[in-house]
There are 2 protein chains.
Amino acid sequence: MTSSGTRPMTPAARRVLDVATELFYTRGINTVGMELVAERAGVTKKTIYDRFGSKQQLVVQYLRARDARWREHLDAYLGRADAPRARVAATFEALDDWMGAENPRGCAMVNAYAELSDPEHPGRAVAEDQKRGLRDLYADLAARAGADDPAALGDALAMLHEGAVVARNVTGVADAARTARAAADALMTVHGAA
Amino acid sequence: MTSSGTRPMTPAARRVLDVATELFYTRGINTVGMELVAERAGVTKKTIYDRFGSKQQLVVQYLRARDARWREHLDAYLGRADAPRARVAATFEALDDWMGAENPRGCAMVNAYAELSDPEHPGRAVAEDQKRGLRDLYADLAARAGADDPAALGDALAMLHEGAVVARNVTGVADAARTARAAADALMTVHGAA
DNA sequence: TTGTGAGTATACCGACCGGTATGTTTACCT
DNA sequence: AGGTAAACATACCGGTCGGTATACTCACAA
């Protein structure tokens with residue numbers, strides 16, 4: 001994944017992806033037509049299909065872009081913490097701020113998973129990878145913290161994380177991430193994490 | 001909401017709702033057209049629009065039916081447990097069996113919330129009510145268990161519940177509900193629940 | 001027996017969907 | 001100066017969408 005592997009986007013393609021990211025997230029993938037994307041990006045459909053090939057591939061790019069933004073956001077928070085337990089706390093803080101700033105419609109991956117019911121749609125794999133990555137992160141932190149049964153603890157932390165997103169999005173629980181963080185901390189204590 | 005308020009459905013309407021429930025859940029609401037619903041129910045579109053008025057209202061009925069099925073399932077499990085803590089465990093057991101039997105595509109409410117991006121769509125309120133009900137259930141059980149900060153504990157339990165659904169659906173964690181149940185039990189201990 | 005509600009069959013509406021075709025213009029690189 | 005990639009504009013394709021209109025059959029109940 002060096003820079004040579006990722007071809008630089010043309011200015012129009014960038015605009016298309018930015019617009020699609022916004023529209024797909026806020027209105028849903030199936031609700032947004034390519035014509036609207038083209039119009040909002042100040043581009044013709046021709047250009048989109050020349051650059052992205054199909055809506056399916058544009059959707060994949062959208063999901064990758066969302067994931068990359070979240071990873072970037074998260075890494076900034078992880079960079080400030082060192083001990084495993086502090087890093088778990090930092091992850092929930094990252095989630096809290098993320099939800100406040102960029103997540104008014106819940107998790108883009110979960111939403112896409114709901115919309116893309118076709119098992120063959122490549123967008124599903126992107127969502128699966130993202131969730132697998134989050135699960136691995138928590139499992140890794142649980143293990144590094146010296147917890148007993150780190151796999152189970154990691155899964156529980158990931159569930160609190162995911163559940164907080166739903167709670168905030170659907171139920172409107174404003175302090176969901178902070179509640180999840182406190183519960184996560186308690187669970188780490190129970191599991192004897194350092 | 002007495003029985004006089006719920007008009008009995010005509011046989012064709014029942015078939016339509018059953019078919020729509022299955023199709024909307026497994027393929028997604030926006031992906032399924034009314035023509036397909038009509039065909040699978042052995043009914044003309046005319047009949048559907050005579051009985052349900054619009055797709056929007058059929059969707060609302062679908063969500064209510066799913067919720068009713070889940071409530072029925074849950075009540076069967078709650079009926080067997082008495083103490084608050086045992087009832088929490090029973091709820092997670094209900095979830096475990098529910099996911100194994102009727103939930104291959106995750107939570108219908110969360111999925112619908114993702115698909116129905118229009119804030120005016122009445123289906124959103126059904127999903128919100130369902131999640132609010134679940135939150136209230138856990139908060140009530142936490143309070144009855146004599147936990148300190150029952151609101152926070154209840155929210156945490158609800159998040160584990162919701163997170164388990166996502167973990168199982170997207171990440172494929174088969175024992176998600178059991179892991180969530182164990183974490184929930186540990187949290188109850190931490191909060192001094194009886 | 002006569003009306004009424006339920007359902008059928010078929011045809012249609014305008015709007016939009018994802019995707020393609022043809023051809024033109026702009027701008028930068030060698 | 002010439003070539004090439006990028007973006008333009010426009011018009012079109014077959015198909016599906018939610019929803020409506022018309023006219024018919026059937027069963028049952030007053």
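Note: CD1 (A:Ile29) to P (C:dG18) measures 12 Å, nearest angstrom. Between A:Glu39 atom CD and D:dA9 atom C1' there is a gap of 15 Å when expressed in whole angstrom units. One atom, CG of A:Asn30, and another, P of C:dG18, lie 9 Å apart when rounded to the nearest Å. Going from atom CE of A:Met34 over to atom C1' of D:dC13 covers 17 Å, rounded to whole Å. Here C:dG7 presents its P atom at 13 Å from CZ of B:Arg14, a figure rounded to the nearest Å. Atom CZ in A:Phe24 sits roughly 13 Å away from atom C1' in C:dC17 (whole-Å rounding). Rounded to an integer number of Å, the gap from A:Phe52 CZ to C:dG19 P is 14 Å. Following rounding to the nearest Å, B:Asp50 (CG) and D:dG18 (P) show an atom-to-atom distance of 17 Å.
Between A:Arg132 and A:Asp129, at least one side-chain nitrogen of the basic residue sits less than 4.0 Å from a carboxylate oxygen of the acidic one, meeting the salt-bridge criterion. The pair A:Arg71-A:Asp75 counts as a salt bridge, with a side-chain nitrogen and a carboxylate oxygen less than 4.0 angstrom apart. Between B:Glu162 and B:Lys131 there is a salt bridge, since a side-chain N of the basic residue sits under 4.0 Å from a carboxylate O of the acidic one. Note on B:Asp155 versus B:Arg135: salt bridge recorded, some NZ/NE/NH1/NH2 to OD/OE distance being below 4.0 Å.
In the set D:dA6, D:dC8, C:dG7, the nucleotide with an atom closest to the side chain of A:Lys46 is D:dC8. Listed nucleotides: C:dG18, D:dA6, D:dG18. Nearest to the side chain of A:Tyr49: C:dG18. Closest to the side chain of A:Thr44, from the set C:dG7, D:dA7, D:dC8, is D:dC8. Counting only heavy atoms from C-beta on, A:Thr47 has its side chain closest to D:dC8 among D:dG18, D:dC8, C:dT8.
Checked against a 6.0 Å centroid threshold, the rings of B:Tyr138 and B:Phe92 count as neighbours.
Taking side-chain N and O atoms only, B:Arg51 has no distance below 4.0 Å to OP1 or OP2 of C:dG5.
Using a 4.0 Å heavy-atom criterion, one finds that A:Gly42 contacts the sugar-phosphate atoms exclusively. The residue B:Val16 sits apart from the nucleic acid: no heavy atom pair falls under 4.0 Å. Contacts of B:Thr10 with the nucleic acid, taken as non-hydrogen atoms under 4.0 Å apart, involve only primed sugar atoms and P, OP1 or OP2.
Looking at B:Lys45, its side chain comes within 3.5 Å of the base of D:dG19 through a donor and an acceptor atom.
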